[in-house]
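Worksheet: one structure, shown below.
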Amino acid sequence: MIINKQAEELNRLIQEKNPVIYNLLSKKGRAIFFPKKGILSQTAEAKGKKINATIGAAIEDDGSPMRLKSIAKNILLEPKDVFPYAPSYGKPELRKEWLKQMKSKNPSLKGITSLPVVTNALTHGLSTVAYMFVNPGDKIILTDKFWGNYRLIFENGYGAVLDTFNTFKDNGFDTAALRKKLGEGKGKKIVLLNFPNNPSGYTPTNKEAEKIIKIIKESAELGNDIIVICDDAYFGLIYENDVYCQSLFARLADIHENVLAIKVDGATKEDYVWGLRVGFLTYATKGIDKGVCQALEAKTAGAIRGNISNASHLSQSLVLNALHSKTYFAEKKEKYHLLKSRYEKVKSVLRDKKYKEFFAPLPFNSGYFMCVRLKNIDGEAVRKRLLEKYDVGVISIGNMIRIAFSAIRKELIGELFEKLCVASKECAQESK
Ligand SMILES: Cc1ncc(COP(=O)(O)O)c(C=O)c1O
């Protein structure tokens with residue numbers, strides 16, 4: 001791959017100050033840069049000029065963004081916050097506000113981090129991380145309970161190999177399995193942690209979180225260069241007391257020079273805006289300085305410029321206005337309590353011993369989901385039975401059933417498990 005001069009400049013800066021980060025960059029990550037003299041930069045320099053013939057957008061005679069009434073009439077925001085392109089890095093005010101709130105939600109996050117770069121929500125954030133850091137053949141270490149789309153993102157998209165370790169042991173997180181997996185071979189390692197987890201709905205307890213952090217630190221001390229990607233899609237939805245309620249990113253951010261922590265998060269689930277597509281990528285490592293942060297941000301913005309150019313300005317403005325709203329925290333609290341009440345209902349329904357014959361819940365304490373493991377019954381058969389006979393939709397994953405309690409009215413949760421039980425019983429009898 002030919003390396004452009006601007007990419008070389010960024011690489012030199014990163015290599016001089018944080019050689020580990022340079023080593024971790026993929027071939028594409030080394031080659032990418034944000035064009036300094038491209039159309040966007042030339043347009044930025046011309047801002048405010050009497051005659052500005054730079055931008056690839058149309059302007060009304062009064063200087064406002066050209067727009068159709070049939071679109072504008074449905075939007076209360078000012079046209080300038082909707083119709084023009086947003087920067088490839090994302091709206092500056094939104095990036096600053098997201099970081100400010102990230103710090104207040106994660107008091108352990110004390111060191112320097114990059115400014116979050118705006119992505120087209122988390123899927124695109126994860127894919128951009130892969131662009132920057134994953135070469136074909138690289139392994140990605142993750143729990144064996146994982147979001148299925150990781151395959152399309154990392155394997156199909158970038159030729160990576162998902163390398164799983166056992167998620168649960170004795171009703172808790174299997175930290176020994178993580179330690180063992182990290183201990184296989186030396187060199188570059190990519191770890192992907194997703195808590196609250198999809199599909200299991202599990203977040204490590206405080207004790208387990210400390211162990212995970214220690215295991216990663218020890219692996220770094222042994223000389224491994226480690227990227228830890230924290231997929232924080234469901235951040236904040238913790239329903240039990242002894243569960244780690246910050247992002248692991250907060251601690252991993254300055255744990256060791258050999259650990260590059262990357263936070264992938266966004267408004268999608270945190271702010272209940274699945275269709276708006278607003279996410280963020282934030283970098284940190286021990287001893288990182290602003291210059292290296294900016295170099296990583298420039299490379300990330302370059303990758304975004306070359307893929308989607310920039311994320312929706314309308315969506316970014318909607319999220320920014322919400323973050324500034326006086327009622328934002330109260331509104332979020334209300335939704336959190338609604339989801340928590342559904343979680344508690346699931347817990348209480350499952351106390352009934354009759355379910356034990358057919359399925360057992362996997363550990364869960366957070367997020368949108370929980371899973372049950374069926375006892376010698378095929379998950380797909382149960383799913384189909386529920387659909388066809390009982391008017392119920394669930395997801396089957398092998399011999400597990402994933403239930404999105406986030407989407408079920410509390411009054412229907414008892415009925416859901418009752419029907420799951422009956423369908424499981426029928427399928428078990430038929431397979432005998
Ligand atoms: C663990 C996890 N990460 C990322 C995503 C993707 O989120 P987004 O819709 O913001 O791309 C999801 C969505 O289901 C998810 O479950």
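Indexing begins at 1, ligand by ligand and atom by atom, following the structure's order.
Separating the CD atom in Glu388 from the CZ atom in Arg383 is a distance of 8.5 Å, to the nearest 0.5 Å. Rounded to the nearest 0.5 angstrom, Leu386 CG and Leu416 CG are separated by 8.0 Å.
Closer than 4.0 angstrom to ligand 1 lie heavy atoms from Ala121, Leu122, Thr123, Trp147, Tyr150, Asn194, Asn198, Asp231, Ala233, Tyr234, Thr268, Lys269, Arg277.
Remark: Lys181 engages Glu184 in a salt bridge, criterion side-chain N to carboxylate O under 4.0 Å.
Residue Ile3 places its CD1 atom among more than 12 non-hydrogen atoms of other residues, nucleotides or ligands, all under 6.0 Å distant.
Between Tyr355 and Leu420, the closest side-chain pair of non-hydrogen atoms is not below 4.5 Å.
The list of side-chain hydrogen bond (donor to acceptor under 3.5 Å, both in side chains) pairs with a residue in residues 106-121, not counting sequence neighbours, reads Ser108-Gln246.
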